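Structure first, then comments.
Note that the structure is predicted; figures quoted are calculated from it, not measured. Values below: every heavy atom of this structure, side chains too, minus hydrogens, waters and symmetry copies.
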Amino acid sequence: SALFWLLTIAAAAFDVVSHARGTSITNYSRELIQTLLEVILPIVSMAILVHRTKDFRFFSTYVIATGMFMALTAAFEAMQSWNIYRSIYEHVGLEPVWFATIWRGGFMRATGPVFDATSMGIIITIFLLFVWCSRGVIKSTGWTFAITLILFLGIYFTQSRNPIIGTGIGISVWLAVKFGKKLGSMILYGAIGIAVAAIVVIISAERPSKVASNLPESTLEYRVRLFDRGVDEFLRHPIVGQSKPAVDARMEDLRQGEKIIDYVNSYLYVGLLSGIIGLTIFVGLFITLPAHVFNKLKNSGFYDPEGMSVFLLCLSISFITMSFFTWIFGAILPIYLLLQCALVGRLHRREALVRPTAMPPVPSAQII
């Protein structure tokens with residue numbers, strides 16, 4: 001729909017402006033070219049290519065294979081304590097950023113090709129929800145559970161809580177929808193899923209108790225301080241926000257041990273850099289497409305044998321939750337938009353969605 005393209009272009013514009021605002025025209029050009037190649041080109045390609053049933057099944061095979069590859073890579077990295085992709089960077093003379101390699105409980109947090117463990121976990125979560133929701137793509141229930149288990153192990157080896165929460169919420173919404181009998185029930189259960197997500201957010205955002213001053217600051221304490229300061233800065237420029245250098249300068253005291261200001265909350269980050277305008281666009285990415293698809297299903301008599309409309313709902317609610325605790329830009333947002341575009345394009349093809357009707361009776365004169 002026109003709204004999808006409007007939101008996609010707006011998200012791409014935010015990506016360019018948030019990185020180049022306050023810099024030179026040359027940097028604007030560089031960021032624009034990078035965004036066109038990383039975001040717009042893949043999405044346009046999916047809109048053009050995924051039309052027929054054969055196209056969609058081919059696409060689904062590659063989606064599942066990509067998820068399996070990333071999950072197995074995560075397991076290998078964690079078990080071998082070998083960050084493959086940073087080693088490749090070092091081999092070709094690029095900066096490997098070794099300080100971002102982290103161990104927990106004797107295992108290395110797997111980062112894969114995205115160089116961040118939490119982002120790696122969220123991307124595998126996208127593929128896991130695709131496999132779990134699109135039960136019409138994988139015909140065998142046994143294979144569905146086997147692939148789901150491998151993908152979940154990949155998420156586990158990133159040792160990040162947020163993807164596990166997102167996976168749990170996404171599957172919970174699927175179960176609620178599965179046992180709903182009407183479209184109205186699906187929307188109702190979707191709202192319940194959002195409420196559950198909100199409860200998780202409220203509980204997770206609860207302020208920690210005071211700790212002894214000689215102990216290091218916990219992750220939760222840092223996030224609470226970041227949120228409080230971020231809200232104060234947001235209220236200074238609530239409409240259009242500020243450039244990233246300006247925001248960094250005002251929040252310099254929040255620079256942590258890895259020498260970065262870790263803007264964990266995606267809503268906070270978008271609000272700081274683009275104000276209410278950018279925040280509205282960002283939230284719109286999560287809610288407009290599922291609403292559009294369900295409106296089509298309700299009004300046109302289309303149906304969805306592959307479970308893609310349910311996947312759109314589960315993925316969107318999962319992302320609404322995970323964005324409170326995770327930076328979802330970089331590699332994550334293009335993958336999210338690419339899948340959304342491919343699936344919405346697929347759901348608009350009458351070849352897959354129009355219910356088959358009974359053949360009209362053949363006049364007796366035509367019977368030989």
Side-chain angles (χ1 to χ4, degrees), residues 38 42-43 45-46 49-50 53-88 107-171 173-175 305-308 310-312 314-315 318-319 322 326 328 330-343 346:
E38 291 184 351
I43 292 172
S45 299
M46 287 301 100
L49 295 175
V50 183
T53 298
K54 183 174 73 171
D55 300 331
F56 179 78
R57 296 197 66 82
F58 188 76
F59 168 76
S60 299
T61 300
Y62 272 85
V63 169
I64 295 168
T66 302
M68 293 281 287
F69 172 79
M70 295 191 73
L72 293 172
T73 299
F76 178 84
E77 286 188 341
M79 298 297 291
Q80 298 297 318
S81 298
W82 176 22
N83 196 310
I84 303 171
Y85 291 91
R86 284 194 173 87
S87 298
I88 294 172
F107 289 100
M108 187 184 78
R109 294 189 65 191
T111 62
V114 296
F115 299 101
D116 176 72
T118 301
S119 297
M120 179 76 165
I122 289 177
I123 291 173
I124 300 175
T125 294
I126 296 174
F127 295 127
L128 187 151
L129 292 178
F130 180 90
V131 169
W132 187 259
C133 297
S134 56
R135 306 301 285 272
V137 175
I138 305 175
K139 301 300 183 182
S140 168
T141 302
W143 276 111
T144 298
F145 277 95
I147 294 173
T148 300
L149 176 61
I150 293 173
L151 292 173
F152 185 80
L153 287 175
I155 295 171
Y156 172 79
F157 280 118
T158 65
Q159 299 188 64
S160 181
R161 293 177 292 270
N162 202 23
I164 295 176
I165 293 173
T167 299
I169 289 175
I171 292 180
V173 174
W174 179 86
L175 290 171
E306 290 135 349
M308 292 297 98
V310 179
F311 170 72
L312 288 172
C314 295
L315 182 62
S318 180
F319 261 66
M322 291 190 293
T326 303
I328 68 136
I332 301 174
L333 190 59
I335 292 174
Y336 176 85
L337 290 173
L338 184 150
L339 273 172
Q340 295 273 38
C341 179
L343 300 182
R346 169 65 176 159

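The two residues Thr118 and Arg109 make their nearest non-hydrogen contact at OG1-NH2, 3.4 Å. Between Thr148 and Leu128, the shortest heavy-atom distance links the atoms O-CD1, 3.7 Å. For Ala78 against Ala110, the heavy-atom pair with the smallest separation is N-CB, 4.5 Å. Smallest separation of non-hydrogen atoms from Met120 and Gly112: CE-CA, 3.8 Å. Across all their heavy atoms, Ile124 and Ala74 have their closest contact at CD1-CB, 4.4 Å. Residues Pro163 and Ile155 come closest through the heavy atom pair CB-CG2, 3.7 Å.
With rounding to the nearest 0.5 angstrom, the CD1 atom of Ile126 is 9.0 Å from the CE atom of Met70. Between the OG1 atom in Thr125 and the CZ atom in Phe319 there is a gap of 8.0 Å [rounded to 0.5 Å]. How far OG1 of Thr167 is from CG of Asn162: 9.5 Å, rounded to the nearest 0.5 Å. Atom OG of Ser318 and atom CD1 of Ile165 lie 10.0 Å apart (nearest 0.5 Å). Note that the OG1 atom of Thr73 and the CG atom of Asn83 stand 11.0 Å from one another [nearest 0.5 Å]. Residue Phe157 holds its CZ atom at 10.5 Å from CG of Leu72, rounded to the nearest 0.5 Å.
Partners of Phe69 by ring-ring contact (aromatic ring centres under 6.0 Å, His included), not counting sequence neighbours: none found.
Phe130 is not listed as a side-chain neighbour of Leu315, based on a closest heavy-atom distance of 4.5 Å or more. Residues Tyr85 and Thr111 have side chains not in contact (no heavy-atom distance under 4.5 Å, counting atoms from C-beta outward). Side-chain contact between Leu339 and Phe59 is present, with at least one heavy-atom pair separated by less than 4.5 Å. Residues Phe76 and Trp82 form a side-chain contact, since some pair of their non-hydrogen atoms from C-beta on lies under 4.5 Å apart.
In this structure a side-chain-to-backbone donor-acceptor pair under 3.5 Å is missing from Glu77 to Met108.
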Query - Full working for ring-ring contact (aromatic ring centres under 6.0 Å, His included) between Tyr156 and Phe152 - result: CA-CA 6 Å; Tyr156 172 79; Phe152 185 80; 7.4 Å; no

Requested in this report: List the steps, then state whether side chain to side chain contact (heavy atoms under 4.5 Å, CB included) holds for Ile147 with Met68.
Outcome: CA-CA 7 Å; Ile147 294 173; Met68 293 281 287; 3.6 Å; yes

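Residue Trp132 forms a side-chain contact (heavy atoms from CB on, under 4.5 Å) with just one option from Phe145, Phe127, Phe311, and that option is Phe145.
Applying the 6.0 Å contact sphere to OH of Tyr336 captures more than 12 heavy atoms from other residues, nucleotides or ligands.
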